[in-house]
Amino acid sequence: MALSESVTTCLSPAVRYVICDLGFEKTETYNINNIVSENGEIHWQAITDHVCYLESDRIVDYIKSIRSLGPVCESVNLHFKSMTKEQFVAQYALWFQWTNYTELFLEVFDVLQYTQTTEITLGLMKLTSCLERALGDVYLLIGKDCPFLLRDLLISEELAVIFGQTVMNVLRVFIGSPDGLNLRNVLWHGFASPQEIPVKYCAMLLFLTAGLGQLLQTYLLQTKCTLIHRPYVTFISLEELNIFPLKHETLSLAEELVKLSNFVLKMMLPFWLAALTAFKQGRYADCMILLLPQLEVGLRLLFTAANKCPNRLLTAEVSFSIKSMLAKHLNNEEINQLPLVLEEPTMASEFLWDFLNHQEGPRVRDHLSHGEINLKTFPREVANQILAFAVTLLCRFSDEDMTAFKEHVGIKPLMNCASCYRSRFHPISRLKKQVLECMKSIHLWSELPVVPEEQVQAIKGFEGNAEATSAFVLKTSEILSQLHQYLPHNCYSSDDPMNSDQTDRLLGELCDMRICTLYSPRSVLEILVVLRKIIMQCHQVSGQVIASIELRYKQWINKTLRSRQRQNYLRMLNSIKFLSPVLHLILVLITLELVNIHVVDKKNAFDYHQYLKFLKSILQYTENLVTYTNPEKNKWDETMELTNKALAKIKSFSDKKLMLMQLAA
């Protein structure tokens with residue numbers, strides 16, 4: 001029998017006892033009127049009295065507290081079930097406004113009436129992420145930097161001041177502490193199946209959120225403060241995320257695949273089917289909230305099988321995340337086998353790092369689970385890609401013969417895309433993108449309007465330094481020719497290194513080369529930071545040159561330039577004759593170093609620091625160029641001396657053969 005069919009729970013025995021049994025051991029009932037008044041005012045002391053503490057100090061005894069609060073949760077659940085939607089809205093809607101998402105909490109009330117297990121889980125996940133975001137907004141009433149982790153947020157002094165320590169202790173029984181129910185983490189990491197989360201805990205968190213709203217209103221009235229909600233995170237450059245061509249018919253195939261694939265734990269099947277339904281209905285945030293934890297479950301299943309550690313499938317430990325499952329080594333320093341399993345026919349690890357972990361990627365799971373995204377406007381483009389990627393994993397990992405599925409017109413394009421996926425959000429990939437964008441910007445210089453040479457000659461008092469410019473161009477050409485010796489095999493090499501079109505072609509080929517992005521050591525990442533800063537400064541210089549030339553030419557034509565401004569304009573035209581090839585030289589240098597970036601890890605400490613010092617000197621040059629080419633500075637003459645020193649440094653370092661491209665040759 002496949003492991004995906006034999007597993008009946010992903011909760012360790014201790015965690016399962018806490019979540020599924022502990023809160024049901026006390027069977028007495030509580031009069032709801034002692035907990036909440038007829039007009040919906042929540043009596044917090046009736047709740048906080050049930051939080052128990054260790055005798056030695058005021059540390060929460062989570063086991064006793066969960067046991068004591070169990071009947072209270074049941075009373076609240078029955079209270080909500082006895083209410084109509086109109087009654088609930090009249091009594092509680094006002095107290096959800098502080099979350100900036102009242103309608104979500106009204107939806108959770110609706111879900112409680114029908115108790116469909118997948119919907120309860122979905123509602124609880126949305127509730128906890130929204131609650132976390134709202135608590136962060138409250139924290140910022142008196143705090144500065146909001147903690148990233150819910151656990152740290154709930155133990156902060158700031159929230160204890162606003163809500164009271166005993167109230168925060170109640171919350172920590174349900175979320176934010178690994179010693180409590182820890183509902184938020186258990187759900188978002190995919191450890192709980194639909195049947196394992198008691199409905200009454202969802203009802204209780206809904207109730208507590210309203211109670212927090214009441215306490216907050218009192219605090220705001222007393223302090224005359226105003227609660228300000230932070231703006232949501234928005235996904236930018238959605239066109240970069242357009243990778244997998246997901247067709248409508250693929251969704252029907254996916255419903256069959258989830259029932260056959262070993263990537264899916266059978267007890268989690270309802271989550272997969274609910275995610276597909278949500279996508280069809282255009283509820284893209286719901287689709288992702290349901291699907292992402294199941295991707296983690298499937299990866300955990302593969303991880304435990306590949307590394308022969310089945311016990312880790314049954315551990316609700318917070319640190320056992322997707323990031324740790326994709327790490328190069330296990331805790332015992334042995335090689336992690338999961339990436340090897342994923343890499344053979346696909347670039348799955350790179351996709352997962354891109355969409356979930358890399359800082360410049362969409363980081364979908366982080367943003368959703370921390371309530372940072374507007375669920376109502378979650379883009380289809382993002383959901384489309386993650387769902388399509390999930391389909392490729394469903395196909396890949398199965399004992400069944402999947403040939404018919406893999407060759408289907410709705411699946412085959414996805415499998416092809418997965419097999420040749422390249423990282424888009426690793427710093428290496430971002431640097432490539434920066435180089436190409438900067439290259440295009442500099443290319444525009446040749447298309448800019450300039451004053452005819454005869455008009456330049458007619459200006460009295462201006463003498464262009466043609467000899468110096470020619471000397472710069474010659475020196476740049478010599479260095480470029482030297483660098484061309486270290487081009488990778490089969491890479492385009494020009495007989496004329498100063499030809500900008502041919503240089504652009506070379507840069508395109510270099511940026512198209514595959515460079516390993518997984519497991520980049522610290523030294524590589526540190527160098528990448530400097531390289532990216534250099535290119536960013538070069539791009540800014542180019543942008544400033546373009547803006548200045550366009551403006552000054554227009555003013556020249558309109559004869560609105562004063563005498564000194566005309567002189568500065570002509571100096572600028574003279575300077576860009578050598579700046580353009582120099583910037584191309586820097587682009588080629590940086591890109592060749594990027595292609596050989598992993599050689600840096602082989603340098604000894606002294607050579608590494610010398611190399612870093614060299615790159616920082618180039619960075620300093622480009623930063624100074626930004627200053628000198630600023631339209632408000634107009635220090636065009638100074639750029640010549642500045643560039644002369646920079647070229648000398650590059651030539652000297654190249655002669656010593658200390659560059660990565662030279663070490664790799």
Side-chain angles (χ1 to χ4, degrees), residues 148-149 189-190 263 292-293 295-366 386 389-390 392-393 396-397 418-432 513-532 593-605 608 611-612 660 663-664:
F148 177 72
L149 296 177
H189 288 287
F263 190 75
L292 286 168
L295 275 179
E296 184 169 340
V297 174
L299 290 170
R300 196 179 299 122
L301 190 62
L302 296 178
F303 176 93
T304 55
N307 292 296
K308 297 180 174 58
C309 52
N311 58 305
R312 298 202 71 181
L313 187 65
L314 306 176
T315 309
E317 55 179 288
V318 178
S319 61
F320 191 37
S321 62
I322 288 180
K323 187 179 290 189
S324 63
M325 285 191 282
L326 295 175
K328 187 174 184 178
H329 294 100
L330 304 175
N331 293 339
N332 59 7
E333 296 305 315
E334 290 185 8
I335 297 293
N336 178 10
Q337 299 300 311
L338 176 60
L340 301 178
V341 170
L342 293 174
E343 281 316 315
E344 289 173 357
T346 73
M347 292 295 118
S349 293
E350 290 193 21
F351 180 91
L352 290 165
W353 272 99
D354 262 5
F355 274 72
L356 303 182
N357 294 335
H358 285 317
Q359 287 301 304
E360 294 179 68
R363 289 174 53 224
V364 183
R365 218 273 290 278
D366 276 354
I386 294 179
F389 173 73
T392 67
L393 293 180
R396 278 205 50 214
F397 299 103
S419 65
C420 59
Y421 182 80
R422 292 190 187 187
S423 173
R424 301 184 179 205
F425 298 105
H426 187 280
I428 286 175
S429 310
R430 304 316 283 175
L431 176 52
K432 287 181 179 181
M513 294 182 68
R514 186 150 213 150
I515 305 171
C516 180
T517 59
L518 289 177
Y519 317 128
S520 299
R522 182 177 178 180
S523 57
V524 168
L525 296 175
E526 188 174 29
I527 295 300
L528 284 170
V529 169
V530 182
L531 297 181
R532 293 187 66 186
E593 293 300 88
L594 173 61
V595 169
N596 298 285
I597 189 69
H598 289 288
V599 176
V600 76
D601 203 36
K602 298 177 182 178
K603 282 180 174 284
N604 61 43
Y608 174 78
Y611 180 65
L612 190 59
L660 301 182
L663 295 174

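- For the pair E350 (side chain) and R422 (backbone), a donor-acceptor distance under 3.5 Å is absent.
- Looking only at distances, no side-chain donor or acceptor of Q337 sits under 3.5 Å from a matching main-chain atom of N307.
- In plain terms, the two heavy atoms of G361 and F425 that are nearest each other are CA-CG, 3.4 Å.
- Using a distance-only test at 3.5 Å, with no hydrogens or angles considered, a donor-acceptor pair links the side chain of S429 to the main chain of S423.
- Closest approach of L660 to I597, counting heavy atoms only: CD1-CA, 3.9 Å.
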Kindly indicate, with the supporting measurements, whether the criterion side chain to side chain contact (heavy atoms under 4.5 Å, CB included) is fulfilled by L295 and L292. CA-CA 5 Å; L295 275 179; L292 286 168; 4.3 Å; yes

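- The side chain to side chain contact (heavy atoms under 4.5 Å, CB included) search around K602 returns none, not counting sequence neighbours.
- Side chain of K432 to main chain of M513: a donor-acceptor pair is present (N/O by atom type, distance under 3.5 Å, no hydrogens or angles).
- Checked against salt bridge (charged side-chain N to carboxylate O under 4.0 Å, His left out), R522 has no partners two or more places apart in sequence or in another chain.
- Interatomic distance, CG of L342 versus OG of S349, reported as 4.5 Å (0.5 Å rounding).
- In terms of heavy atoms, A306 sits closest to L338 at CB-N, 4.2 Å.
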Mind running side chain to side chain contact (heavy atoms under 4.5 Å, CB included) on N596 and L663 for me, showing each step along the way? CA-CA 9 Å; N596 298 285; L663 295 174; over 6 Å; no

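- Remark: Y608 pairs with no residue by the ring-ring contact (aromatic ring centres under 6.0 Å, His included) rule, at least two apart or across chains.
- When all heavy atoms of F303 and C309 are compared, the closest pair comes out as CE2-SG, 3.8 Å.
- Ion pairing of E360 with R532 is present here, as a side-chain N (NZ or NE/NH1/NH2) and a carboxylate O approach within less than 4.0 Å.
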Test log, rule side chain to side chain contact (heavy atoms under 4.5 Å, CB included), inputs L525 and V529: CA-CA 6 Å; L525 296 175; V529 169; 5.8 Å; no

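- Considering only residues two or more places apart in sequence or on other chains, D601 meets the salt bridge (charged side-chain N to carboxylate O under 4.0 Å, His left out) condition with none of them.
- Remark: side-chain polar atoms of R300 are paired, donor with acceptor, to backbone N or O of H189 under 3.5 angstrom.
- Nearest approach of L518 to W353, heavy atoms of both residues: CD2-CD1, 3.6 Å.
- Minimum heavy-atom separation, P521 to H598: CD-ND1, 4.5 Å.
- Here CD1 of I322 is found 5.0 Å from CZ of R365. Values are rounded to the nearest 0.5 Å.
- Partners of R424 according to the side chain to side chain contact (heavy atoms under 4.5 Å, CB included) rule, which considers only residues two or more places apart in sequence or in another chain, are I243, D354, Y421.
- Annotation: side chain of F397 is not in contact with side chain of L301 (no heavy-atom distance under 4.5 Å).
- With sequence neighbours excluded, the residues forming a salt bridge (charged side-chain N to carboxylate O under 4.0 Å, His left out) with R363 are D366, listed by chain and number.
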